[in-house]
Amino acid sequence: MYHDNLVLEQNDTRYYLPKDLLKFEIIYTLNEPRYQKGDIDRVLKMQPTKITIEDPIVITKLSVPDTSKMFVITGKQLSDARFVSMELDSENSALEKTTSTSVNNKDSKTHDYSSFTTSHMETKMYDAVIELKNSIPEIVSKKEAERSLNTMSFYKSQFKILNEDFQPYIKQYKVKYTVVIDPLQLYYKDGNWSSIEGDNVYHSIFPEHIFVDKGDLNDIITVKVTQPKAVLLGELVSEEPVEGIIYRNTSPLNIEVALNDSTLLTDTLALTQLETFKTISVKDFEAASLESVLLFKPKAFINITDTIPDFLESVELLDFDSDKISEVSQIAIKNKYEEKLKSIDSLIESLKAHKSTL
């Protein structure tokens, strides 16, 4: 293992072992409530834009150099072709995806679009309709029945004003948020934070900082990975020379991804940085595939932590045609309104029938 007092010969080779990061590609949908009235098309200000996750979440495992420890191979034992380059201007094949899985949100296929446009006042009124519908037998006087009828007639008139005077609909925008994390590191950043409970590391992804003044984000992603037992380097990884090339093997651990209270994925995942150190002979290493024993070789002393950080995030506005959603949502919202109106009419008729019996 390399240390500051080690004097390198010209043909000695410095290298890093790999570790695995996880990249999450999450598409957020901004559901902007709008309305049409004649030639007017405006934002419906009585409800904020609600931001949801409706598309598959793509999780990719990335292999990058673990710069916490540098190792040295004495002499020219291996060709450069056996190493992954870490030059800043090189195409680093190790940063390409090695494992990818799409996680579908099963609940995203059905929508109550009216929930994006219904005002707080309208919600309270309809809750009162449902409550009264369930308590008609408790009305014991004509005066009380008449008061309930007047209240329901008023609610019906307000429903018509709120829904028939304009045509509400939803206009959608899509934003892709990409975040790369080391699943065994703890983060305390805007939109990303971590905690440890027992043997588990939990990561929360909630990037509300990218949606300031753009809407309300409610969906939170939680990632749970198994916290491994600390592996002591022991005599194998020391400052004393050892025979062969030091590497790490991999074995699977459990990973769980949840959206709010719903589990989207339960699977196993191999993380290189969890595993024990082993040695392999130069002959066997030459015969092995590059993927099975991955080594990173810097060609100069560069600040690797600046080159490949343990945390990265980016935001991209996607090209998305919202016209179909606008049309579908407008029909769905109208149908929901007519369904509620029929329920109010039915309640009014039930109240009249009940009043006649008092």
Side-chain angles (χ1 to χ4, degrees), residues 22-36 41-60 97 100-120 122-123 162-163 166-181 189-193 203-223 256-265 312-337 339:
L22 294 182
K23 179 172 74 171
F24 295 85
E25 295 174 271
I26 307 159
I27 296 177
Y28 290 94
T29 300
L30 285 73
N31 299 278
E32 181 184 64
R34 302 184 66 87
Y35 73 93
Q36 293 175 333
D41 189 326
R42 292 177 180 170
V43 174
L44 190 61
K45 294 184 178 180
M46 60 185 175
Q47 277 285 58
T49 295
K50 293 181 180 177
I51 304 169
T52 57
I53 297 174
E54 302 173 11
D55 295 89
I57 300 167
V58 178
I59 305 171
T60 303
K97 63 175 62 176
S100 183
T101 181
S102 291
V103 180
N104 285 293
N105 177 14
K106 297 178 182 178
D107 297 331
S108 67
K109 296 180 180 178
T110 58
H111 260 308
D112 178 11
Y113 288 106
S114 67
S115 66
F116 296 144
T117 60
T118 303
S119 66
H120 180 64
E122 188 176 349
T123 300
L162 291 170
N163 291 276
F166 56 83
Q167 295 175 303
Y169 71 96
I170 298 300
K171 184 173 184 178
Q172 290 187 340
Y173 304 89
K174 300 278 187 178
V175 172
K176 184 168 81 169
Y177 175 70
T178 302
V179 61
V180 178
I181 65 170
K189 299 177 179 291
D190 287 344
N192 294 269
W193 62 92
H203 298 282
S204 298
I205 303 175
F206 188 70
E208 59 182 349
H209 62 289
I210 70 173
F211 298 116
V212 176
D213 299 326
K214 295 180 181 178
D216 292 346
L217 174 63
N218 294 312
D219 288 342
I220 183 169
I221 294 173
T222 304
V223 182
E256 184 176 304
V257 179
L259 176 60
N260 301 324
D261 296 327
S262 300
T263 300
L264 301 182
L265 171 71
L312 285 170
E313 63 177 350
S314 63
V315 181
E316 177 187 357
L317 180 63
L318 300 181
D319 186 15
F320 176 72
D321 184 2
S322 181
D323 289 346
K324 184 176 181 179
I325 295 296
S326 298
E327 182 181 349
V328 169
S329 64
Q330 193 170 65
I331 294 171
I333 292 167
K334 182 179 180 181
N335 289 342
K336 195 70 174 180
Y337 155 68
E339 179 185 319

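Nothing here was measured: the structure is a model prediction, and the numbers come from that model. Basis for what follows: all heavy atoms, side chains included, without hydrogens, waters or symmetry-related copies.
- Going from atom CD1 of Ile181 over to atom CD of Glu313 covers 12.0 Å, rounded to the nearest 0.5 Å.
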Review point. Can Ile57 and Leu265 be said to form a side-chain contact (heavy atoms from CB on, under 4.5 Å), step by step?
Key: CA-CA 10 Å; Ile57 300 167; Leu265 171 71; over 6 Å; no
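- Side-chain contact, Asn260 with Ser262: no donor N or O sits under 3.5 Å from an acceptor N or O.
- Taking the side chain as every heavy atom from C-beta outward, Lys174 and Asp55 approach each other to under 4.5 Å.
- Without hydrogens or angle criteria, Asn192 side chain to Ile205 main chain gives no donor-acceptor distance under 3.5 Å.
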Review point. Going through the distances and angles, do Tyr173 and Thr49 end up as a side-chain contact (heavy atoms from CB on, under 4.5 Å)?
Key: CA-CA 10 Å; Tyr173 304 89; Thr49 295; over 6 Å; no
Practice item. Please report the C-alpha distance between Asp41 and Tyr169 in whole Å, then the side-chain angles of each, then the deciding distance to 0.1 Å, and finally whether the side-chain contact (heavy atoms from CB on, under 4.5 Å) criterion is met. Key: CA-CA 10 Å; Asp41 189 326; Tyr169 71 96; 2.8 Å; yes
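- Taking CG of Leu259 as the reference point, atom CD1 of Ile220 lies at 9.5 Å (rounded to 0.5 Å).
- With sequence neighbours excluded, the residues that form a ring pair (Phe, Tyr, Trp, His ring centres under 6.0 Å) with Phe211 are Tyr28.
- A heavy-atom distance below 4.5 Å is not found between the side chains of His203 and Val179.
- Under the side-chain contact (heavy atoms from CB on, under 4.5 Å) criterion, Lys50 pairs with Gln47, Phe116, sequence neighbours left out.
- Between atom CD1 of residue Ile51 and atom CG of residue Leu30 there is a gap of 4.5 Å, rounded to the nearest 0.5 Å.
- In this structure, the side chains of Leu44 and Arg34 stay at 4.5 Å or more apart for every pair of heavy atoms.
- The NZ atom of Lys176 sits 4.5 Å away from the CD atom of Glu25 when rounded to the nearest 0.5 Å.
- Of the listed residues (Asp190, Asp216, Leu217), just one forms a side chain to side chain contact (heavy atoms under 4.5 Å, CB included) with Glu208, and that residue is Leu217.
- The shortest heavy-atom contact between Ser114 and Thr118 is O-OG1, 2.5 Å.
- Taking all atoms of both residues into account, the shortest heavy-atom contact from Ile53 to Asp219 is N-OD2, 2.8 Å.
- From Thr178, atom OG1 reaches atom NZ of Lys23 across 6.5 Å, with rounding to the nearest 0.5 Å.
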Practice item. Starting from the C-alpha separation in whole Å, work towards a yes-or-no answer on side-chain contact (heavy atoms from CB on, under 4.5 Å) for Phe206 and Trp193. Key: CA-CA 9 Å; Phe206 188 70; Trp193 62 92; 3.7 Å; yes
N/O donor-acceptor pairs under 3.5 Å from side chains in residues 322-332, not counting sequence neighbours:
| unit_1 | atom_1 | unit_2 | atom_2 | d |
| --- | --- | --- | --- | --- |
| Ser322 | OG | Gln172 | N | 2.7 |
| Ser326 | OG | Ile170 | O | 3.2 |
| Ser326 | OG | Ser322 | O | 3.0 |
| Ser329 | OG | Ile170 | N | 2.9 |
| Ser329 | OG | Ile325 | O | 2.9 |
| Ser329 | OG | Ser326 | O | 2.9 |
| Gln330 | NE2 | Gln36 | OE1 | 3.2 |

